Number of protein chains: 2
Amino acid sequence: MKLSTRGDYATRVLLELCTAEGPRPVSVTDLANRTAISQKYLEQIMGQLRSAGIVRSERGLHGGYELAREPDGLTVGEVIRIMDGPLAPSPCASRSAHVPCPAYRCAVEESCVMRSLWLEVRDAIAEVLDRTTFGDLTRRQQSSLALSRAMYHI
Amino acid sequence: MKLSTRGDYATRVLLELCTAEGPRPVSVTDLANRTAISQKYLEQIMGQLRSAGIVRSERGLHGGYELAREPDGLTVGEVIRIMDGPLAPSPCASRSAHVPCPAYRCAVEESCVMRSLWLEVRDAIAEVLDRTTFGDLTRRQQSSLALSRAMYHI
DNA sequence: TGAATCCCTATCGAATTAGTAGGATTATCA
DNA sequence: TGATAATCCTACTAATTCGATAGGGATTCA
(Lines give C-alpha, C1' and ligand atoms only; values in the text may rest on other atoms or scores of the structure.)
Protein backbone atom coordinates (compact mmCIF):
# COMPACT_ATOMS: atom_id res chain seq x y z
CA MET A 1 0.00 0.00 0.00
CA LYS A 2 2.96 2.28 -0.62
CA LEU A 3 3.02 5.75 -2.03
CA SER A 4 5.55 6.34 -4.84
CA THR A 5 8.18 9.03 -4.51
CA ARG A 6 6.33 10.94 -7.25
CA GLY A 7 3.21 11.21 -5.11
CA ASP A 8 5.29 12.00 -2.06
CA TYR A 9 7.39 14.65 -3.83
CA ALA A 10 4.41 16.21 -5.62
CA THR A 11 2.53 16.81 -2.37
CA ARG A 12 5.63 18.20 -0.64
CA VAL A 13 6.34 20.59 -3.49
CA LEU A 14 2.75 21.78 -3.71
CA LEU A 15 2.73 22.47 0.02
CA GLU A 16 5.98 24.37 -0.46
CA LEU A 17 4.33 26.39 -3.24
CA CYS A 18 1.47 27.20 -0.87
CA THR A 19 3.67 28.39 1.97
CA ALA A 20 6.66 29.81 0.08
CA GLU A 21 7.63 33.36 0.77
CA GLY A 22 9.50 35.46 -1.76
CA PRO A 23 8.97 36.17 -5.46
CA ARG A 24 6.52 34.27 -7.64
CA PRO A 25 6.61 32.20 -9.67
CA VAL A 26 9.11 29.85 -7.98
CA SER A 27 11.79 28.20 -10.12
CA VAL A 28 12.44 24.46 -10.06
CA THR A 29 15.94 25.21 -8.83
CA ASP A 30 14.52 26.90 -5.75
CA LEU A 31 11.90 24.22 -5.22
CA ALA A 32 14.51 21.47 -5.52
CA ASN A 33 16.81 23.18 -3.03
CA ARG A 34 14.05 23.75 -0.50
CA THR A 35 12.68 20.21 -0.68
CA ALA A 36 15.95 18.31 -1.20
CA ILE A 37 14.65 16.64 -4.36
CA SER A 38 16.76 16.09 -7.49
CA GLN A 39 16.15 19.06 -9.79
CA LYS A 40 15.88 17.08 -13.01
CA TYR A 41 13.48 14.61 -11.47
CA LEU A 42 11.42 17.44 -10.05
CA GLU A 43 11.20 19.00 -13.52
CA GLN A 44 9.37 15.91 -14.72
CA ILE A 45 7.01 15.95 -11.78
CA MET A 46 6.22 19.63 -12.30
CA GLY A 47 5.57 18.98 -15.97
CA GLN A 48 3.04 16.32 -15.08
CA LEU A 49 1.36 18.63 -12.58
CA ARG A 50 1.24 21.36 -15.21
CA SER A 51 -0.39 19.24 -17.89
CA ALA A 52 -2.93 18.13 -15.29
CA GLY A 53 -3.78 21.77 -14.60
CA ILE A 54 -2.57 21.79 -11.00
CA VAL A 55 0.18 24.36 -11.49
CA ARG A 56 0.91 26.87 -14.22
CA SER A 57 4.33 27.80 -15.49
CA GLU A 58 6.12 30.80 -16.88
CA ARG A 59 9.13 30.28 -19.11
CA GLY A 60 12.22 32.38 -19.52
CA LEU A 61 14.18 34.40 -17.06
CA HIS A 62 12.40 34.80 -13.70
CA GLY A 63 10.05 32.05 -14.81
CA GLY A 64 8.90 29.17 -12.64
CA TYR A 65 5.78 27.56 -11.24
CA GLU A 66 2.81 28.66 -9.19
CA LEU A 67 -0.46 27.06 -8.19
CA ALA A 68 -3.13 27.21 -10.88
CA ARG A 69 -5.91 26.96 -8.28
CA GLU A 70 -6.90 28.11 -4.86
CA PRO A 71 -5.30 25.83 -2.22
CA ASP A 72 -8.76 25.27 -0.71
CA GLY A 73 -9.99 23.88 -4.01
CA LEU A 74 -7.18 21.37 -4.45
CA THR A 75 -7.34 18.06 -2.60
CA VAL A 76 -4.48 15.68 -1.87
CA GLY A 77 -6.56 12.87 -3.36
CA GLU A 78 -6.62 14.55 -6.74
CA VAL A 79 -2.84 14.97 -6.75
CA ILE A 80 -2.16 11.40 -5.67
CA ARG A 81 -4.44 10.07 -8.39
CA ILE A 82 -2.55 12.10 -10.99
CA MET A 83 0.86 10.89 -9.84
CA ASP A 84 0.12 7.33 -8.72
CA GLY A 85 -3.17 6.33 -10.33
CA PRO A 86 -6.32 5.16 -8.53
CA LEU A 87 -6.41 5.03 -4.74
CA ALA A 88 -7.95 1.56 -4.62
CA PRO A 89 -5.72 -1.33 -3.50
CA SER A 90 -7.05 -3.44 -6.37
CA PRO A 91 -8.14 -2.30 -9.85
CA CYS A 92 -11.45 -4.09 -9.37
CA ALA A 93 -12.19 -1.77 -6.42
CA SER A 94 -11.47 1.52 -8.16
CA ARG A 95 -14.36 3.93 -8.59
CA SER A 96 -12.47 6.27 -10.93
CA ALA A 97 -10.82 3.65 -13.17
CA HIS A 98 -12.51 0.31 -12.64
CA VAL A 99 -11.01 -2.81 -14.21
CA PRO A 100 -12.88 -6.09 -13.72
CA CYS A 101 -11.30 -9.20 -12.23
CA PRO A 102 -10.32 -11.95 -14.63
CA ALA A 103 -13.58 -13.84 -14.96
CA TYR A 104 -12.22 -17.24 -13.96
CA ARG A 105 -11.04 -15.90 -10.62
CA CYS A 106 -14.07 -13.92 -9.51
CA ALA A 107 -17.11 -15.00 -11.46
CA VAL A 108 -19.68 -12.52 -10.18
CA GLU A 109 -17.87 -9.37 -9.22
CA GLU A 110 -20.79 -7.86 -7.33
CA SER A 111 -20.79 -10.77 -4.90
CA CYS A 112 -17.00 -11.07 -4.48
CA VAL A 113 -16.26 -10.83 -0.77
CA MET A 114 -12.65 -9.75 -1.21
CA ARG A 115 -13.61 -6.99 -3.64
CA SER A 116 -16.15 -5.59 -1.21
CA LEU A 117 -13.40 -5.41 1.41
CA TRP A 118 -11.03 -3.60 -0.97
CA LEU A 119 -13.87 -1.20 -1.71
CA GLU A 120 -14.14 -0.48 2.00
CA VAL A 121 -10.41 0.22 2.12
CA ARG A 122 -10.55 2.41 -0.95
CA ASP A 123 -13.40 4.43 0.54
CA ALA A 124 -11.53 4.83 3.83
CA ILE A 125 -8.45 6.16 2.00
CA ALA A 126 -10.51 8.42 -0.25
CA GLU A 127 -12.43 9.81 2.70
CA VAL A 128 -9.20 11.18 4.17
CA LEU A 129 -7.49 12.30 0.97
CA ASP A 130 -10.51 13.82 -0.78
CA ARG A 131 -11.51 15.84 2.25
CA THR A 132 -8.00 17.25 2.89
CA THR A 133 -7.10 20.29 0.79
CA PHE A 134 -3.77 22.05 0.46
CA GLY A 135 -5.43 24.95 2.22
CA ASP A 136 -5.94 22.67 5.23
CA LEU A 137 -2.31 21.54 5.12
CA THR A 138 -1.08 25.12 4.86
CA ARG A 139 -3.05 26.17 7.94
CA ARG A 140 -1.81 23.13 9.86
CA GLN A 141 1.76 23.94 9.01
CA GLN A 142 1.36 27.58 9.98
CA SER A 143 -0.19 26.72 13.32
CA SER A 144 2.47 24.13 14.15
CA LEU A 145 5.09 26.70 13.20
CA ALA A 146 3.46 29.29 15.48
CA LEU A 147 3.40 26.73 18.28
CA SER A 148 7.08 25.84 17.99
CA ARG A 149 7.99 29.52 17.92
CA ALA A 150 6.04 30.07 21.11
CA MET A 151 7.78 27.08 22.71
CA TYR A 152 11.19 28.59 22.02
CA HIS A 153 10.11 32.13 23.05
CA ILE A 154 10.97 33.56 19.65
CA MET B 1 -1.51 2.39 -3.01
CA LYS B 2 -1.65 -1.00 -4.67
CA LEU B 3 -1.85 -4.41 -3.11
CA SER B 4 0.65 -6.97 -4.44
CA THR B 5 -0.51 -10.25 -5.92
CA ARG B 6 0.98 -11.97 -2.87
CA GLY B 7 -1.36 -10.12 -0.53
CA ASP B 8 -4.24 -10.64 -2.91
CA TYR B 9 -3.55 -14.36 -3.37
CA ALA B 10 -2.88 -14.99 0.32
CA THR B 11 -6.24 -13.56 1.36
CA ARG B 12 -8.08 -15.46 -1.37
CA VAL B 13 -6.46 -18.74 -0.40
CA LEU B 14 -7.11 -18.26 3.31
CA LEU B 15 -10.77 -17.54 2.59
CA GLU B 16 -10.81 -20.69 0.48
CA LEU B 17 -9.32 -22.62 3.41
CA CYS B 18 -12.08 -21.25 5.65
CA THR B 19 -14.92 -22.21 3.35
CA ALA B 20 -13.53 -25.34 1.67
CA GLU B 21 -15.56 -28.50 1.88
CA GLY B 22 -13.98 -31.91 1.63
CA PRO B 23 -11.00 -33.55 3.34
CA ARG B 24 -8.48 -31.64 5.44
CA PRO B 25 -5.76 -30.66 5.15
CA VAL B 26 -6.06 -29.21 1.63
CA SER B 27 -3.17 -29.72 -0.79
CA VAL B 28 -1.58 -26.87 -2.72
CA THR B 29 -2.67 -28.58 -5.91
CA ASP B 30 -6.31 -28.33 -4.86
CA LEU B 31 -5.90 -24.77 -3.60
CA ALA B 32 -4.24 -23.71 -6.86
CA ASN B 33 -6.96 -25.27 -8.94
CA ARG B 34 -9.74 -23.68 -6.93
CA THR B 35 -8.23 -20.21 -6.93
CA ALA B 36 -6.63 -20.21 -10.41
CA ILE B 37 -3.22 -19.36 -9.01
CA SER B 38 0.04 -20.90 -10.27
CA GLN B 39 0.80 -23.89 -8.07
CA LYS B 40 4.53 -23.22 -7.67
CA TYR B 41 3.94 -19.59 -6.83
CA LEU B 42 1.26 -20.58 -4.34
CA GLU B 43 3.72 -22.98 -2.66
CA GLN B 44 5.94 -19.99 -1.85
CA ILE B 45 3.04 -18.01 -0.48
CA MET B 46 1.88 -20.91 1.69
CA GLY B 47 5.42 -21.36 3.00
CA GLN B 48 5.48 -17.74 4.07
CA LEU B 49 2.10 -18.08 5.76
CA ARG B 50 3.31 -21.20 7.52
CA SER B 51 6.45 -19.64 8.92
CA ALA B 52 4.33 -16.74 10.13
CA GLY B 53 2.11 -19.17 12.01
CA ILE B 54 -1.04 -18.46 9.99
CA VAL B 55 -1.42 -21.96 8.58
CA ARG B 56 0.04 -25.29 9.56
CA SER B 57 1.12 -28.00 7.16
CA GLU B 58 1.27 -31.75 6.99
CA ARG B 59 3.81 -33.36 4.73
CA GLY B 60 3.64 -36.58 2.81
CA LEU B 61 0.74 -38.34 1.18
CA HIS B 62 -2.63 -36.72 1.99
CA GLY B 63 -0.72 -33.77 3.38
CA GLY B 64 -1.60 -30.15 2.82
CA TYR B 65 -2.47 -26.97 4.64
CA GLU B 66 -5.06 -25.89 7.17
CA LEU B 67 -5.60 -22.81 9.26
CA ALA B 68 -3.49 -22.70 12.42
CA ARG B 69 -5.99 -20.38 14.13
CA GLU B 70 -9.65 -19.76 14.52
CA PRO B 71 -10.93 -17.65 11.59
CA ASP B 72 -12.38 -15.20 14.09
CA GLY B 73 -8.93 -14.62 15.56
CA LEU B 74 -7.21 -13.90 12.26
CA THR B 75 -7.49 -10.43 10.73
CA VAL B 76 -6.88 -9.43 7.14
CA GLY B 77 -4.55 -6.71 8.37
CA GLU B 78 -2.22 -9.26 9.91
CA VAL B 79 -2.03 -11.24 6.68
CA ILE B 80 -1.43 -8.18 4.49
CA ARG B 81 1.38 -7.03 6.78
CA ILE B 82 3.04 -10.43 6.48
CA MET B 83 2.84 -10.50 2.70
CA ASP B 84 3.24 -6.82 1.80
CA GLY B 85 4.80 -5.14 4.81
CA PRO B 86 3.41 -2.21 6.78
CA LEU B 87 0.03 -0.75 5.84
CA ALA B 88 1.26 2.86 5.97
CA PRO B 89 1.68 4.68 2.65
CA SER B 90 5.05 5.99 3.85
CA PRO B 91 7.60 4.28 6.13
CA CYS B 92 7.62 7.37 8.37
CA ALA B 93 3.92 6.79 9.07
CA SER B 94 4.16 3.12 10.03
CA ARG B 95 3.24 2.19 13.58
CA SER B 96 4.50 -1.41 13.32
CA ALA B 97 7.80 -0.69 11.48
CA HIS B 98 8.59 2.97 11.71
CA VAL B 99 11.47 4.40 9.66
CA PRO B 100 12.25 8.09 10.10
CA CYS B 101 12.39 10.55 7.21
CA PRO B 102 15.82 11.56 6.02
CA ALA B 103 16.59 14.42 8.40
CA TYR B 104 17.33 17.00 5.73
CA ARG B 105 13.86 16.58 4.24
CA CYS B 106 11.74 16.62 7.37
CA ALA B 107 13.67 18.09 10.26
CA VAL B 108 11.21 17.55 13.08
CA GLU B 109 9.16 14.49 12.30
CA GLU B 110 6.54 15.15 14.96
CA SER B 111 5.61 18.43 13.32
CA CYS B 112 5.72 17.24 9.70
CA VAL B 113 2.36 18.02 8.16
CA MET B 114 2.61 15.43 5.37
CA ARG B 115 3.52 12.71 7.84
CA SER B 116 0.49 13.45 9.99
CA LEU B 117 -1.67 13.06 6.89
CA TRP B 118 -0.08 9.72 5.99
CA LEU B 119 -0.72 8.66 9.58
CA GLU B 120 -4.39 9.48 9.12
CA VAL B 121 -4.45 7.38 5.97
CA ARG B 122 -2.63 4.53 7.67
CA ASP B 123 -5.10 4.57 10.54
CA ALA B 124 -8.05 4.60 8.15
CA ILE B 125 -6.70 1.53 6.33
CA ALA B 126 -5.82 -0.26 9.55
CA GLU B 127 -9.25 0.45 11.01
CA VAL B 128 -10.86 -1.57 8.21
CA LEU B 129 -8.29 -4.34 7.90
CA ASP B 130 -7.64 -4.93 11.60
CA ARG B 131 -11.33 -5.13 12.42
CA THR B 132 -12.15 -7.58 9.61
CA THR B 133 -11.46 -11.23 10.42
CA PHE B 134 -11.59 -14.24 8.15
CA GLY B 135 -14.56 -15.33 10.22
CA ASP B 136 -16.36 -12.18 9.07
CA LEU B 137 -15.44 -12.83 5.45
CA THR B 138 -16.60 -16.43 5.70
CA ARG B 139 -19.99 -15.38 7.03
CA ARG B 140 -20.34 -12.73 4.33
CA GLN B 141 -19.58 -15.26 1.64
CA GLN B 142 -22.02 -17.77 3.05
CA SER B 143 -24.82 -15.23 3.27
CA SER B 144 -24.21 -13.95 -0.27
CA LEU B 145 -24.19 -17.55 -1.44
CA ALA B 146 -27.47 -18.22 0.35
CA LEU B 147 -28.95 -15.12 -1.25
CA SER B 148 -27.94 -16.09 -4.78
CA ARG B 149 -29.34 -19.59 -4.25
CA ALA B 150 -32.64 -18.12 -3.15
CA MET B 151 -32.67 -15.86 -6.22
CA TYR B 152 -32.29 -18.84 -8.52
CA HIS B 153 -34.79 -20.99 -6.52
CA ILE B 154 -32.22 -23.69 -5.87
C1' DT C 1 8.99 -49.10 -2.81
C1' DG C 2 6.43 -45.62 -5.11
C1' DA C 3 3.39 -41.93 -5.31
C1' DA C 4 1.88 -37.70 -3.51
C1' DT C 5 2.88 -34.18 -0.92
C1' DC C 6 5.45 -30.26 1.39
C1' DC C 7 9.94 -27.78 1.39
C1' DC C 8 13.93 -25.11 -0.20
C1' DT C 9 16.67 -22.45 -3.25
C1' DA C 10 17.98 -20.63 -7.48
C1' DT C 11 16.92 -18.37 -11.64
C1' DC C 12 14.63 -15.32 -14.87
C1' DG C 13 12.00 -12.09 -17.82
C1' DA C 14 9.26 -8.10 -17.61
C1' DA C 15 7.89 -4.11 -15.61
C1' DT C 16 8.46 -0.31 -12.66
C1' DT C 17 10.98 3.08 -10.21
C1' DA C 18 13.89 6.72 -9.58
C1' DG C 19 16.52 9.11 -11.46
C1' DT C 20 20.34 11.17 -15.38
C1' DA C 21 21.49 13.45 -19.47
C1' DG C 22 21.39 16.49 -23.17
C1' DG C 23 19.68 19.80 -25.55
C1' DA C 24 15.71 22.76 -27.71
C1' DT C 25 12.80 26.60 -26.72
C1' DT C 26 11.43 30.83 -24.51
C1' DA C 27 11.65 35.19 -22.06
C1' DT C 28 14.20 38.90 -19.82
C1' DC C 29 17.57 42.26 -19.37
C1' DA C 30 21.80 44.82 -19.99
C1' DT D 1 21.20 41.73 -29.87
C1' DG D 2 23.37 38.56 -27.20
C1' DA D 3 24.04 36.38 -22.68
C1' DT D 4 21.56 34.16 -19.29
C1' DA D 5 18.23 31.74 -16.75
C1' DA D 6 14.49 29.45 -16.93
C1' DT D 7 10.94 25.80 -18.76
C1' DC D 8 10.22 21.92 -21.85
C1' DC D 9 10.90 17.54 -24.20
C1' DT D 10 12.72 13.08 -25.02
C1' DA D 11 15.65 9.44 -24.51
C1' DC D 12 18.29 6.52 -21.70
C1' DT D 13 19.69 3.69 -17.71
C1' DA D 14 20.81 1.36 -13.38
C1' DA D 15 18.62 -0.89 -9.77
C1' DT D 16 14.93 -3.00 -7.78
C1' DT D 17 10.74 -5.45 -7.47
C1' DC D 18 7.31 -8.52 -9.18
C1' DG D 19 5.50 -12.59 -10.60
C1' DA D 20 6.46 -16.27 -11.53
C1' DT D 21 9.15 -20.92 -13.21
C1' DA D 22 12.20 -24.78 -12.35
C1' DG D 23 14.40 -28.54 -10.19
C1' DG D 24 15.04 -31.40 -6.82
C1' DG D 25 15.21 -32.92 -1.69
C1' DA D 26 12.54 -34.56 2.40
C1' DT D 27 8.56 -36.77 4.32
C1' DT D 28 4.60 -39.63 4.83
C1' DC D 29 1.58 -43.29 3.86
C1' DA D 30 -0.38 -47.24 1.41
Side-chain angles (χ1 to χ4, degrees), chain A residues 1-10 12-13 17 22-68 80 83-86 89-91 102 105, chain B residues 1-13 17 22-33 35-68 80 83-86 89-91 102 105:
Chain A
M1 318 283 275
K2 293 295 163 290
L3 197 66
S4 74
T5 59
R6 301 178 71 84
D8 183 13
Y9 292 176
R12 278 175 200 269
V13 164
L17 274 185
R24 308 295 179 89
V26 187
S27 73
V28 169
T29 308
D30 283 357
L31 287 174
N33 288 338
R34 292 181 205 168
T35 55
I37 299 170
S38 141
Q39 177 171 337
K40 277 299 199 178
Y41 193 35
L42 192 51
E43 275 185 18
Q44 291 175 40
I45 292 169
M46 296 315 291
Q48 198 170 344
L49 290 173
R50 181 183 49 77
S51 50
I54 305 297
V55 297
R56 80 171 137 257
S57 62
E58 278 176 33
R59 305 181 68 168
L61 194 60
H62 309 312
Y65 290 93
E66 60 191 342
L67 279 190
I80 298 298
M83 304 308 294
D84 287 11
S90 167
R105 191 167 282 154
Chain B
M1 316 283 275
K2 293 293 162 290
L3 198 67
S4 74
T5 59
R6 299 178 73 86
D8 182 14
Y9 292 176
T11 50
R12 279 174 200 270
V13 163
L17 274 185
R24 307 296 180 89
V26 187
S27 73
V28 169
T29 308
D30 283 357
L31 287 174
N33 289 337
T35 55
I37 299 171
S38 143
Q39 177 171 336
K40 277 298 198 178
Y41 192 34
L42 192 51
E43 274 186 18
Q44 292 175 41
I45 291 169
M46 297 313 292
Q48 199 170 342
L49 290 173
R50 180 184 48 78
S51 48
I54 305 296
V55 298
R56 79 171 136 256
S57 62
E58 277 177 33
R59 304 180 70 166
L61 196 59
H62 309 312
Y65 291 94
E66 60 192 343
L67 279 190
I80 297 297
M83 305 308 294
D84 286 12
S90 168
R105 193 166 282 154

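Basis for what follows: all heavy atoms, side chains included, without hydrogens, waters or symmetry-related copies. Predicted model only: the values in this text are computed from it and were never measured. Below, read A as the first sequence line, B as the second, and so on, with proteins coming before strands; counting in each chain starts at 1.
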I'd like to check B/V13 versus B/I45 (side-chain heavy atoms, cut-off strictly below 4.5 Å). Are they in contact? no
From A/H62 atom NE2 to A/S27 atom OG, the distance as rounded to the nearest 0.5 Å: 11.0 Å
Flag the pair B/V26 / B/R24 as yes when at least one side-chain heavy-atom distance between them is below 4.5 Å, and no otherwise. yes
OP1, OP2 of D/dA5 versus side-chain N and O of A/S27: anything below 4.0 Å? no
Hey, does the side-chain of B/Q44 have a donor or acceptor N/O within less than 3.5 Å of a partner on the base of D/dT21? yes
For B/E43 and B/V28, which heavy atoms make the closest approach, and how far apart are they? CG-CG1, 3.9 Å
What's the NZ-C1' distance between A/K2 and D/dT16, to the nearest Å? 16 Å
Chi angles and distances behind the side-chain contact (heavy atoms from CB on, under 4.5 Å) call for B/I37, B/L31: CA-CA 8 Å; B/I37 299 171; B/L31 287 174; over 6 Å; no
Nearest whole angstrom, please: distance from the P of D/dC18 to the CE of B/M83. 11 Å
How many Å lie between CZ on A/R24 and P on D/dT7, as a whole number? 15 Å
For residues 2-9 of chain B, tabulate all N or O donor-acceptor pairs below 3.5 Å that involve a side-chain atom, not counting sequence neighbours.
{"from": "B/K2", "atom 1": "NZ", "to": "A/P86", "atom 2": "O", "distance (Å)": "2.7"}
{"from": "B/K2", "atom 1": "NZ", "to": "A/A88", "atom 2": "O", "distance (Å)": "3.0"}
{"from": "B/S4", "atom 1": "OG", "to": "B/R6", "atom 2": "N", "distance (Å)": "3.2"}
{"from": "B/S4", "atom 1": "OG", "to": "B/G7", "atom 2": "N", "distance (Å)": "3.2"}
{"from": "B/S4", "atom 1": "OG", "to": "B/D84", "atom 2": "OD1", "distance (Å)": "2.5"}
{"from": "B/S4", "atom 1": "OG", "to": "B/D84", "atom 2": "OD2", "distance (Å)": "3.1"}
{"from": "B/T5", "atom 1": "OG1", "to": "B/Y41", "atom 2": "OH", "distance (Å)": "3.2"}
{"from": "B/R6", "atom 1": "NH2", "to": "B/Q48", "atom 2": "OE1", "distance (Å)": "2.4"}
{"from": "B/D8", "atom 1": "OD1", "to": "B/R12", "atom 2": "NE", "distance (Å)": "3.0"}

Between which nucleotides of DNA chain C, read 5' to 3', does contact with chain A run, using atoms under 4.0 Å from its heavy atoms? C/dA18 to C/dC29
Protein-proximity profile, nucleotides 24-29 of chain D, B/S/- by nucleotide at the 4.0 Å heavy-atom cutoff, equals BBBBBB
Terminal axis angle for the helix from C/dT1-D/dA30 to C/dA30-D/dT1, five pairs an end, nearest 10 degrees: 0°
So how far is it from B/I54 CD1 to B/M83 CE, rounded to the nearest 0.5 Å? 10.0 Å
What is the separation between atom CG on B/L3 and atom C1' on D/dC18, rounded to the nearest whole Å? 13 Å
Between B/Y9 and D/dA20, does any side-chain N or O lie under 4.0 Å from OP1 or OP2? yes
So, do A/P25 and A/Y65 sit near enough that their side-chain heavy atoms are less than 4.5 Å apart? no
Among A/D30, A/T29, A/N33, which residue satisfies the side chain to side chain donor-acceptor pair (under 3.5 Å) criterion with A/Q39? A/T29
Please tell me which of A/Q39 and B/V28 maps to the more 5' nucleotide of DNA chain C, matching each residue to the nucleotide holding its nearest heavy atom. B/V28
Residues within residues 45-55 of chain B bordering DNA chain C, heavy-atom distance below 4.0 Å: B/R50
Once side-chain contact (heavy atoms from CB on, under 4.5 Å) is applied, do any residues pair with A/A68, and if so which ones, sequence neighbours excluded? A/R56
